[in-house]
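Position 1 is the first residue of the sequence, and the numbers go up from there.
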Amino acid sequence: MTHTHPFARLPFEQSDQLNRDCVANLAVRHGIQNTVDAWSGCFARDLESEILDNIYPHLWLVARKSGAHIDSLHERLVKRRAIVSSENPGLHLVRFYDTIYIKPLPDYLLNYTIWQDYISKPPLELVQARLRYDEYRSALGFLRSYSFLIRHESDFIIAQKANLLPKYVSFERFQRYIRPFRLLRDDEVSERYHHGQFRLTRLNWAVRVISIINIICPGHKKQQLLWNYHKRFWQTSEYLQHYAAPLIFIFALLTLILSSLQVIFAALGSNTWPLFIQVSCGFSIAVIIFSVMPVVGVCIGVSVLLLSQGQFALRMRRKELHNGNDSMV
């Protein structure tokens, strides 16, 4: 059975558009000039997920490679997950435990004139030769994700309550508009949307591993990556609270092992095997070092944090004084 492309040139019919505002008004609403370059910047700001594009060859290790692997909105509530709207396209469909981040649907993507005049369809080319980001395929992938998020009227109601969709859109009109996007194949959308939803914890580890590989492998392709895909904690106390439980568990386990070794020594007395004594001594020294390292690490981390904050405050103060002197001249 051959696949029939759902549209020849534009993703939807003009009669199915959900936003009929003039382009100039849309530009004002999004804080840009009504020019091609300004709209291209707006599309990139709303659609480009740079880090996911950079680590795309490795994403199969942390997520299922299927653009349809997206739970609908009502399923997320069934799983007791909070839906949080985020304007960061890199957080779209990223889950952190009981929270799922979803980017609201920009109203200009519902406008036929925007697609006709500003979102140009790229030329046909091999998948391997494509750029990781182009606004056309990114917009297709983003809208296809919404076709999976909103499958039932209950999903539509949840989306509007979460401010993911404009209030003036009705369910019937939205279904008519979004239907063609459900038929798209993975090779018709941007590479990020070859995958559906992600777990933030896995993305953080993927970024860290790739960053380490970039450091230790001189011939590896260099990529400017952060230590975290997305920062989860904003207070030092949150970091300590997060890592306290696993560290306490490890210390309790090591204490139990050391206590067991002491019982064995007491039971065997002078008949203890020499090899067992050597291994026990080495293990005890390793435990002592391991116990001291977190304390030292916390002290160093807190010191570095305080120094960096103090340095930032001094830098801002010098800048403020410099600007004040310039205004007096």
Side-chain angles (χ1 to χ4, degrees), residues 1-13 16-17 39-40 42-72 88-95 100-103 105-106 108-112 114-151 174-199 202-203 206-207 210 221 223 225 229:
M1 182 177 179
T2 58
H3 172 82
T4 302
H5 201 285
F7 42 82
R9 192 172 69 87
L10 293 181
F12 52 93
E13 299 294 333
D16 293 334
Q17 67 176 333
W39 276 112
S40 295
C42 181
F43 300 148
R45 186 177 65 247
D46 284 342
L47 300 173
E48 184 178 11
S49 49
E50 184 177 359
I51 298 179
L52 287 178
D53 292 337
N54 288 337
I55 66 174
Y56 169 76
H58 312 285
L59 287 179
W60 63 274
L61 292 168
V62 297
R64 185 188 306 177
K65 192 174 182 180
S66 170
H69 179 52
I70 299 174
D71 293 335
S72 59
N88 181 357
L91 286 180
H92 183 57
L93 298 179
V94 174
R95 177 168 67 88
I100 179 74
Y101 301 101
I102 300 177
K103 178 172 175 56
L105 202 160
Y108 57 75
L109 290 180
L110 309 175
N111 187 285
Y112 186 85
I114 290 290
W115 283 87
Q116 187 177 47
D117 296 344
Y118 295 98
I119 305 180
S120 57
K121 185 175 182 179
L124 293 175
E125 54 188 350
L126 295 175
V127 175
Q128 296 82 355
R130 292 177 184 172
L131 296 172
R132 288 274 161 80
Y133 165 78
D134 73 69
E135 56 199 31
Y136 183 82
R137 294 190 181 95
S138 294
L140 293 184
F142 179 77
L143 286 165
R144 187 181 69 163
S145 73
Y146 262 88
S147 74
F148 297 129
L149 285 170
I150 303 175
R151 311 186 197 200
F174 180 79
Q175 284 290 76
R176 192 178 301 114
Y177 164 82
I178 206 69
R179 188 186 303 119
F181 296 96
R182 291 196 183 100
L183 305 178
L184 292 171
R185 303 188 305 263
D186 279 354
D187 60 356
E188 294 172 305
V189 301
S190 63
E191 290 183 336
R192 179 264 172 265
Y193 291 101
H194 294 180
H195 300 264
Q197 52 205 23
F198 297 96
R199 294 185 185 182
R202 294 183 180 180
L203 288 178
V207 168
I210 294 170
K221 183 179 178 181
Q223 297 173 343
L225 295 176
Y229 178 78

Colleague: Is any side-chain heavy atom of Tyr229 closer than 4.5 Å to a side-chain heavy atom of Leu52?
Modeller: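 They are in side-chain contact.
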
Colleague: Examine distances only and state if a side-chain atom of Ser138 and a backbone atom of Glu135 form a donor-acceptor pair shorter than 3.5 Å.
Modeller: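 The answer is no, because no donor-acceptor pair under 3.5 Å joins these two groups.
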
Colleague: Find the distance between CD1 (Ile100) and CZ (Arg199) and round it off to the nearest 0.5 Å.
Modeller: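 These two atoms lie 11.0 Å from each other.
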
Colleague: Under the side chain to side chain donor-acceptor pair (under 3.5 Å) test, which residues partner Ser190, sequence neighbours left out?
Modeller: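 Not a single residue meets the side chain to side chain donor-acceptor pair (under 3.5 Å) criterion with Ser190.
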
Colleague: Measure the acute angle between the ring planes of Phe181 and Trp115, then classify it against the limits of 30° and 60° as parallel, tilted or perpendicular.
Modeller: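 Rings of Phe181 and Trp115: tilted, 30 to 60°.
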
Colleague: Do you know which two heavy atoms are closest between Gly196 and Ile70, and how far apart they sit?
Modeller: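 Minimum heavy-atom separation between Gly196 and Ile70: CA-CG1, 3.7 Å.
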
Colleague: Gln197: what forms a side chain to side chain donor-acceptor pair (under 3.5 Å) with it, not counting sequence neighbours?
Modeller: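 In terms of side chain to side chain donor-acceptor pair (under 3.5 Å), with neighbours along the sequence ignored, Gln197 is linked to Asp71, Arg76.
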
Colleague: Applying side chain to side chain donor-acceptor pair (under 3.5 Å), can you list everything that pairs with Trp39, at least two apart in sequence or on another chain?
Modeller: Asn34

Colleague: With a 4.5 Å heavy-atom cut-off, do Leu91 and Lys103 have their side chains touching?
Modeller: no

Colleague: Less than 4.5 Å apart, side chain to side chain, heavy atoms only: is that true for Ile119 and Ile114?
Modeller: yes

Colleague: Measuring centre to centre across the rings, with the benzene-like ring taken for any Trp, is Phe174 within less than 6.0 Å of Tyr146?
Modeller: no

Colleague: So, taking the atom named OH in Tyr56 and the one named NE2 in His195, what distance separates them when rounded to the nearest 0.5 Å?
Modeller: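 Rounded to the nearest 0.5 Å, the OH-NE2 separation comes to 5.0 Å.
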
Colleague: State, yes or no, whether a side-chain contact exists between Lys65 and Asp186 at a heavy-atom distance under 4.5 Å.
Modeller: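 A side-chain contact is absent here, since even the closest heavy-atom pair is not under 4.5 Å.
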
Colleague: Under 3.5 Å, side chain of His194 to main-chain N/O of Gly67, donor-acceptor pair present?
Modeller: no

Colleague: Going by ring pair (Phe, Tyr, Trp, His ring centres under 6.0 Å), name the residues that satisfy it together with Phe148, two or more places apart in sequence or in a different chain.
Modeller: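 None.
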
Colleague: Please find the pair of heavy atoms, one from Phe43 and one from Tyr118, that lie closest to each other, and give the distance.
Modeller: CE1-O, 3.8 Å

Colleague: For Arg192, give me all partners under salt bridge (charged side-chain N to carboxylate O under 4.0 Å, His left out), at least two apart in sequence or on another chain.
Modeller: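 If we apply the salt bridge (charged side-chain N to carboxylate O under 4.0 Å, His left out) test to Arg192, skipping adjacent residues, there are no hits.
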
Colleague: Donor-acceptor pair, Tyr193 side chain versus Leu140 backbone, under 3.5 Å?
Modeller: no

Colleague: Dump the intermediate steps for side chain to side chain contact (heavy atoms under 4.5 Å, CB included) on Leu105 and Leu143, then the final yes or no.
Modeller: CA-CA 8 Å; Leu105 202 160; Leu143 286 165; 3.8 Å; yes

Colleague: Restricting to side chain to side chain donor-acceptor pair (under 3.5 Å), what partner residues turn up for Arg182, sequence neighbours left out?
Modeller: Gln175

Colleague: Report yes if some heavy atom in the side chain of His92 is under 4.5 Å from a heavy atom in the side chain of Ile102; otherwise report no.
Modeller: yes

